[in-house]
2 protein chains.
Amino acid sequence: MVSNSSKYAIKGVLFLALHSNEENKIAVKDISEPINVPQAYIAKLLQELSRENIISSTRGPKGGFYLSEENKNQPIINILKIIDGEKRLTSCMLSLEKCNEDKPCPLHKILSASRKEILKNFERKTINDLVFDMKKGNSFLPL
Amino acid sequence: MVSNSSKYAIKGVLFLALHSNEENKIAVKDISEPINVPQAYIAKLLQELSRENIISSTRGPKGGFYLSEENKNQPIINILKIIDGEKRLTSCMLSLEKCNEDKPCPLHKILSASRKEILKNFERKTINDLVFDMKKGNSFLPL
DNA sequence: TCTTAAATATGATTTTTATCATATTATAAT
DNA sequence: ATTATAATATGATAAAAATCATATTTAAGA
Ligand code: FES
Ligand code: FES
């Protein structure tokens, strides 16, 4: 449902949301360790997100990755769409292709309500929302 | 959340549930096409399920795979446990390891209710339940 | 303008997952 | 008993995902 890469990407973005801003960019070498993701791997993912304007970056000395306020107000799903692509989230649980409401597979009824709920949450929860939770001590960026 | 292999396995098992019984076994060559899974692939999966007594089989002429009544009364999760292993279903959405209620990751709150619901359904819905749905025309074994 | 520190682009390697192939073993029917 | 037909065990190959490596480009600061 969500790939390894997307998990890493979310961790990276949340770390940036928590510790960076326009004036305080973070280099990839300072991100990988705290979020426990190999440096070259998270680098590639962040580059991809930056290219698609999900996060921000500048090169050179004092450069690095960061989140603008606009970036922080995006829903989580934007990250998933870039890293995993649309269909990973909407594919049928049995046929691997699009989930079909009209001719549902045997698992559809069992799962679709929950799946929709998850989707909806990815669509409406923003990065800021999650940061708020963390700051309140309700959730934690894990090892 | 659930692998390709598990999806194939479920399709295979449901096909057997629908078309086989102790007196009418089905050879793997007659399964692969209708469920649209490569023959050698579904063969391997069914063999694995048979070894773990999730489904039944006999060799030789008139042999094949089938589901006993006992087999049909199992919950779907038994298939997933064999093919994917336990942790695939219970791993945290961010850290790849076990989901931790006490020190939840930022996605935990958003997802855990839905995930639990899905789990619960896999645990309580039996193969027979799904067959019943199909026979009533409420769901379909897809392409 | 030169040096340095960072992202970027690109691609190679490794690991995992998916797929294919086949020799061996068991069993039913002749 | 012999033959044919099926699963079983085992492992090989292919494709995809994860991981690693590096030369190039950009921008800041001396
Ligand atoms: S049709 Fe299979 S999950 Fe909707
Ligand atoms: S899903 Fe991450 S801790 Fe539960």
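Here is how names work: the chains are called A, B, and so on, in the same order as the sequence lines, proteins then strands, and each is numbered from 1.
One interatomic measurement links the two molecules: CD of B:Q47 to C1' of C:dA23, which rounds to 13 Å at whole-angstrom precision. Computed from coordinates, the B:E52 CD to D:dA7 P distance equals 18 Å when rounded to whole Å. The CG atom of B:D84 sits 15 Å away from the P atom of C:dT16 (whole-angstrom rounding). A straight line from CD of A:E22 to P of D:dA27 spans 14 Å, rounded to a whole angstrom. Separating the CD1 atom of B:I42 from the C1' atom of D:dT8 is a distance of 15 Å, rounded to the nearest angstrom. Rounded to whole Å, the distance from CG on B:N53 to C1' on D:dT8 is 14 Å. If you measure from atom CD of B:E48 to atom C1' of D:dA7, you get 15 Å, rounded to the nearest angstrom. Distance A:R88 CZ to D:dA18 C1': 12 Å, rounded to the nearest Å.
Comparing B:S5 and A:K62 against DNA chain C, the residue whose closest nucleotide sits nearer the 5' end is A:K62. Taking for each of B:A43 and A:Y41 the nucleotide of DNA chain D with the nearest heavy atom, the 5'-most of the two is the partner of B:A43. Place B:K25 and B:A40 on DNA chain C by their nearest nucleotides, and B:A40 ends up nearer the 5' end. Of the two residues near DNA chain D, A:S3 and B:L46, the one whose nearest nucleotide lies more 5' is B:L46.
The 12-atom threshold is exceeded at NZ of A:K72, counting heavy atoms of other residues, nucleotides or ligands nearer than 6.0 Å. The local environment of CD in B:E86 is sparse, with at most 12 non-hydrogen atoms from other residues, nucleotides or ligands closer than 6.0 Å.
Side-chain proximity of A:K44 to the nucleotides C:dT27, C:dA12, C:dT8 is greatest for C:dA12.
Contact annotation: B:S50 side-chain N/O to D:dT8 OP1/OP2 distance is under 4.0 Å. Taking side-chain N and O atoms only, B:T58 has no distance below 4.0 Å to OP1 or OP2 of C:dA26. Here A:K29 reaches the OP1 or OP2 of C:dA6: one of its side-chain N or O atoms lies under 4.0 Å away. Checking the phosphate oxygens (OP1, OP2) of C:dT4, no side-chain nitrogen or oxygen of A:R59 falls inside 4.0 Å. Phosphate contact (OP1/OP2 of D:dT19, side-chain N/O of A:N4, threshold under 4.0 Å): present. Contact annotation: A:R51 reaches the phosphate of C:dA9 (side-chain N/O to OP1 or OP2, under 4.0 Å). Proximity of B:S57 to the phosphate of D:dA6: no side-chain N or O atom is located under 4.0 Å from OP1 or OP2.
In this structure, OG in A:S57 is found 5.5 Å from CZ in A:F65, a value given to the nearest 0.5 Å. Atoms CD1 and CG, on A:I10 and A:L130 in that order, are 8.5 Å from each other to the nearest 0.5 Å. In this structure, the separation between NE2 on B:H108 and OG on A:S139 is 10.0 Å, given to the nearest 0.5 Å.
B:L46 has its side chain within reach of B:L16: a pair of non-hydrogen atoms, C-beta onward, lies under 4.5 Å apart.
Contacts of A:L45 with the nucleic acid, taken as non-hydrogen atoms under 4.0 Å apart, are absent. B:Y8 comes within 4.0 angstrom of the backbone, heavy atoms only, and of no base. Among the protein residues, B:I83 comes within range of no part of the nucleic acid, since none of its heavy atoms lies under 4.0 Å from any strand. At a threshold of 4.0 angstrom between heavy atoms, the contacts of A:G60 include nucleobase atoms, whether or not backbone atoms are also involved.
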